[in-house]
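Have a look at the structure below, then the notes.
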Amino acid sequence: MADFRVVNVRHLISTAGEIDFVDLSEAVRSAVDNSGITNGLVHVFAPHATGILLLTENDGPLLKDIEELITQLVPKKKTYNHPSNAHAHLRSILFPPDKTLPIVDGSVEFGTWQSLLFVETDVYPRKRTILIQVVGT
Amino acid sequence: MADFRVVNVRHLISTAGEIDFVDLSEAVRSAVDNSGITNGLVHVFAPHATGILLLTENDGPLLKDIEELITQLVPKKKTYNHPSNAHAHLRSILFPPDKTLPIVDGSVEFGTWQSLLFVETDVYPRKRTILIQVVGT
Amino acid sequence: MADFRVVNVRHLISTAGEIDFVDLSEAVRSAVDNSGITNGLVHVFAPHATGILLLTENDGPLLKDIEELITQLVPKKKTYNHPSNAHAHLRSILFPPDKTLPIVDGSVEFGTWQSLLFVETDVYPRKRTILIQVVGT
């Protein structure tokens with residue numbers, strides 16, 4: 001019988017406002033390393049209705065493309081029913097802030113070109129909490 | 001070594017037909033409370049190819065905006081290859097019925113403005129089963 | 001106290017190039033059967049920045065509709081900043097390669113019309129690794 005554990009880490013970040021990208025990959029790797037868990041999963045969650053988590057290549061030109069995709073699929077300049085930041089909520093629904101990654105033999109199984117990014121969708125700079133939960137043996 | 005458990009709850013709901021919203025937040029909190037698990041994760045899953053799970057603010061005007069977003073990204077009135085309810089399937093692919101939430105110190109870590117909603121995408125009222133699985137210590 | 005385990009399976013597939021569908025349902029069921037785990041979850045993950053995992057009905061006409069939806073929401077013929085395969089990355093962001101399914105009493109809880117499909121979004125045939133992680137008792 002394996003020694004199972006749950007380790008919760010609250011990782012605090014500051015964002016610069018609408019469509020700011022913050023790379024969480026190192027924070028996730030550190031949380032897993034510090035947990036002592038070598039096989040299991042790491043669940044990353046932003047308890048915010050106006051935030052996004054993405055797995056993608058952290059490459060400047062691609063981040064510009066991502067911003068254009070988000071902006072085009074959920075435009076800011078449109079009449080919405082919810083006041084003030086409806087577009088920020090809708091972007092967080094289309095690109096939800098909930099990702100799970102496997103941990104195998106001590107490593108988080110990011111693909112070669114995968115980084116985990118938080119994207120701020122709210123309209124002003126925010127303090128954000130990212131919950132990193134490591135579960136396994 | 002912690003006392004690990006898996007607790008499965010089948011939560012049954014009835015929907016009123018296309019783009020009906022059902023709030024599952026209390027059902028998820030109850031399942032977690034009743035499980036006795038205080039640290040771990042709760043995975044919520046709708047085993048239905050025409051259903052959606054969303055984390056968002058349960059606010060009437062915003063739900064109207066969500067309906068418009070779903071309808072605009074995947075229109076009903078369009079020619080599809082799959083007969084009768086292709087748009088319902090496509091909506092469930094774009095907004096999938098699979099969410100994981102962390103449980104920390106006895107509480108499900110919903111953000112202040114986050115509720116968990118099931119959205120019916122099929123074209124008539126349905127009975128739906130929501131699987132709530134609690135895993136942890 | 002239950003006997004908890006984590007079982008990791010690397011499932012290798014070959015894809016035929018852009019928007020090729022590969023059904024993973026049997027591989028997932030086999031990994032779960034072979035793990036001996038009867039209650040818990042199976043997390044399926046493609047560590048690739050240009051891949052998609054979908055839960056949907058594996059029906060030829062519907063797959064054609066899915067291809068059209070992906071192509072329409074993220075067009076290939078558009079000017080992007082990232083060179084060569086930006087559209088492949090953006091498709092993997094909008095439809096991410098990360099799915100979790102519950103296992104209850106020995107069965108993976110696929111809905112009647114749900115299959116798990118990998119969709120290649122890169123522009124040429126690839127060898128792909130699918131990580132299937134089974135966690136539970």
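Because the structure is predicted, anything quoted here is derived from the model rather than measured. The basis for the numbers below is simple: all heavy atoms, side chains too, and nothing from hydrogens, waters or symmetry mates. Sequence lines set the chain letters: A, B, ... in the order given, protein chains first and strands last, and positions in each chain run from 1.
Taking 4.5 Å as the heavy-atom cut-off, the residues of residues 60-88 of chain A that approach chain B are A/Leu73, A/Val74, A/Lys78, A/Tyr80, A/Asn81, A/His82, A/Ala86, ordered by number. Residues of residues 101-130 of chain A lying within less than 4.5 angstrom of chain B, judged on heavy atoms, are absent. Residues of residues 7-37 of chain A lying under 4.5 angstrom from chain B, judged on non-hydrogen atoms, are A/Asn8, A/Arg10 in numerical order. Interface with chain B: from residues 46-57 of chain A, residues A/Ala46, A/Pro47, A/His48, A/Ala49 qualify, criterion being any non-hydrogen pair under 4.5 Å.
Using a 4.5 Å heavy-atom cutoff, the side chains of B/Asp98 and B/His43 are in contact. Between A/Leu94 and B/Phe95 the shortest side-chain heavy-atom distance falls below 4.5 Å.
Contact of A/Leu131 with chain B is made through the side chain alone, with heavy-atom distances under 4.5 Å. Only the side chain of A/Leu41 has a heavy atom closer than 4.5 Å to any heavy atom of chain B.
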Evaluate side chain to side chain contact (heavy atoms under 4.5 Å, CB included) for B/Asp3 paired with B/Thr137, printing each intermediate quantity in order.
CA-CA 5 Å; B/Asp3 178 9; B/Thr137 56; over 6 Å; no
